[in-house]
Every structure is written in structure tokens, then in C-alpha cells.
Amino acid sequence: MGHLDHATFGWLTPVLSYVMASIGAALGLRCTVRALGATGRSRRNWLITAASAIGTGIWTMHFVAMLGFGVTGTEIRYDVPLTVLSLVVAVAVVGVGVFAVGYSRDRDRNRALALGGLTTGLGVASMHYLGMAALRLHGQVRYDPLLVGLSVAIAVVAATAALWAGLNIKSPAAVAVASLVMGGAVSSMHYTGMMAVSVKVAPSAAALSGATAMQFIFPLAVGLGSYLFLTSAFVALSPTTGEREASASAQRPVESVAR
């Protein structure tokens with residue numbers, strides 16, 4: 001069995017991956033709050049932004065953490081199409097959950113929350129294991145079923161908590177705390193899933209297919225991380241519904257005096 005190292009760069013990749021997950025969660029929560037205060041096309045656009053932020057944050061967290069993953073006795077490469085597909089899956093399944101909750105009626109909200117949390121959690125777990133299926137190495141990857149099941153359960157709980165927070169948490173301070181908790185939950189899911197992995201190395205001189213982490217995943221993770229930071233700045237600078245209403249109310253007396 002090959003020795004697995006989940007932090008070849010020390011604490012750098014675990015900490016950075018946690019930060020990315022928390023940023024994605026915070027941005028998604030703020031966008032969900034904006035969506036619930038909007039209607040029509042504006043609500044749809046905010047929900048799309050929320051789904052892309054949370055999905056991108058989770059995916060980036062996973063592959064930033066994978067930059068620190070190594071197996072003694074073999075190189076590691078990644079299948080590019082499968083890796084990209086895992087990103088699409090992450091955004092799509094989070095979108096299903098966010099839209100289910102964002103367009104639910106008050107009396108059906110608990111049902112939508114349960115269904116959205118289950119769907120999103122299973123999708124996040126699928127993204128993780130699809131990303132793991134993209135691994136190319138000299139050997140055979142095996143999984144502990146019990147730990148795999150635990151990681152899926154953590155994903156479902158984390159997704160449900162994220163959607164609940166999007167519905168019930170409004171203040172920026174509360175969103176910040178919730179995003180830190182959610183970042184921790186997503187990271188726990190990832191490392192629980194990684195603890196389920198074992199590798200039986202079969203040394204070989206044959207060339208592995210796919211791209212190395214630095215050739216493909218690192219540039220993509222940096223690009224998606226930049227997207228999260230830029231979108232965060234946009235959301236922070238965009239006025240909320242309450243701020244727009246307050247501005248409109250303040251303008252009315254001025255317009256009346258002008259007339």
C-alpha cells in the first residue's frame with residue numbers, strides 16, 4: 001500500500017482550501033439574501049450568482065486541497081474532461097437546491113429545504129468522488145465504504161445548513177459566522193472522504209495520461225478564486241433592496257420641494 005500524504009505543502013493547502021470554501025459560502029449566502037428581496041429576472045440572476053459562487057467555492061476548495069495530496073511510489077495526474085465535469089456538476093446541483101429554496105412558497109419551504117439539501121448534498125459528494133475518479137496514478141484506488149457514507153452524510157447536512165442559512169440569516173455579521181461554519185463543514189466532508197482512500201501502488205515506468213496538478217488544476221483554481229474575489233467585491237458594492245428603498249424614500253421629499 002502506498003503512503004498517502006494529504007498535506008505535502010504543510011498547512012498551506014488545508015488553510016487555503018478552507019478560506020476558499022468560506023468565501024464561496026459567504027458570497028452565496030449574500031446573493032441568496034439579495035435574491036429573496038428581489039423579484040422576476042433580478043431574483044433569477046441573484047440565484048444563479050449564488051449557485052455559481054457556492055459551487056465554485058466547493059470545487060476550488062476540493063482541488064486546492066488536492067494540490068497537497070501525494071502518494072509514495074507514484075506520480076499523480078488528472079483527467080481533464082472529468083475534472084471539468086466535476087466543476088459543472090458542483091455548480092449545477094447547488095443551483096437545483098438554491099432555486100428550489102429561492103422559489104418555494106412559505107408553506108412549502110421546509111419541504112423545499114429538505115429536498116434541496118438532500119439533492120445538493122448528494123451532488124456535492126458526487127463532485128468530490130467524480131474529482132477523485134479523475135485521478136491517474138500507478139496503482140489501484142480503494143475506498144472504505146463506512147467513511148464514504150459518513151462523508152456523504154456530512155455533505156447533505158452541510159448543504160441543508162447552507163440553504164437554511166440562506167433563508168434565515170440576513171445580517172452581514174451572521175452571514176460571516178455562518179460562512180466560516182459552512183467552510184469547516186465542507187472541509188470536513190472533503191477530508192473525511194480522503195480518509196476513506198487507500199492506494200495499492202503498482203510501480204511502472206509507463207507514462208500517465210492527463211495533466212499534473214500544477215499544469216491544469218492550479219491555474220484553474222486561481223482563475224476561479226479570482227472570480228470569487230471579484231464577484232464578492234461586486235456584491236459588496238451593490239446596494240441591497242433596503243438601501244434602494246431608503247434612497248428612494250430620501251429622494252421623495254427633495255423632489256417635492258423642487259416642484
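The structure displayed is predicted, hence computed values, not measured ones.
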Let me see the working for Tyr129 and Ser151 under side chain to side chain donor-acceptor pair (under 3.5 Å), right down to the final yes or no.
-> CA-CA 10 Å; Tyr129 289 105; Ser151 70; 2.7 Å; yes
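At distances below 3.5 Å, not a single donor-acceptor pair connects side-chain atoms of Arg136 with backbone N or O atoms of Asp79. Within the 3.5 Å criterion, the main-chain N or O of Ala38 finds no donor-acceptor partner in the side chain of Ser42. Remark: side-chain polar atoms of Arg34 are not paired, donor with acceptor, to backbone N or O of Trp46 under 3.5 angstrom. Judged purely by atom type and a 3.5 angstrom limit, Ser52 uses its side chain to pair as donor or acceptor with the backbone of Thr49. Judged by distance alone, with hydrogens and angles left aside, the side-chain atoms of Ser179 form a donor-acceptor pair with the main-chain N or O of Ala176 at under 3.5 Å. Under a 3.5 Å cut-off, the side chain of Arg43 and the backbone N or O of Ala35 do form a donor-acceptor pair. With Ser17 contributing its side chain and Ala65 its backbone, the two residues share no donor-acceptor pair below 3.5 Å.
Note on Tyr18: it does not cluster hydrophobically with Ile54, by side-chain heavy-atom contacts below 4.5 Å among ILVMFWY residues. Note on Val177: it does not cluster hydrophobically with Leu163, by side-chain heavy-atom contacts below 4.5 Å among ILVMFWY residues. When the side chains of ILVMFWY residues are joined at heavy-atom separations under 4.5 Å, either directly or via intervening members, Val88 and Val94 end up in two distinct hydrophobic clusters.
The distance from the CG atom of Asn168 to the OG1 atom of Thr32 is 11.5 Å, given to the nearest 0.5 Å.
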Show the atom names and distances, to 0.1 Å, of all donor-acceptor pairs under 3.5 Å that link a side chain in residues 180-193 to residues at least two apart or in another chain.
unit_1, atom_1, unit_2, atom_2, d
Ser187, OG, Gly183, O, 3.0
Ser188, OG, Gly184, O, 2.8
His190, ND1, His62, ND1, 3.1
Thr192, OG1, Ser188, O, 2.6

Anything under 3.5 Å between a donor and an acceptor, one on a side chain of residues 114-121, the other on a protein residue two or more places apart or in another chain? List them.
unit_1, atom_1, unit_2, atom_2, d
Thr119, OG1, Leu115, O, 2.9
Thr120, OG1, Val93, O, 3.4
Thr120, OG1, Gly116, O, 2.7

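With sequence neighbours left out, the salt bridge (charged side-chain N to carboxylate O under 4.0 Å, His left out) criterion links Arg77 to no other residue.
Ser86 and Trp59 share a donor-acceptor pair across their side chains, judged by distance under 3.5 Å alone.
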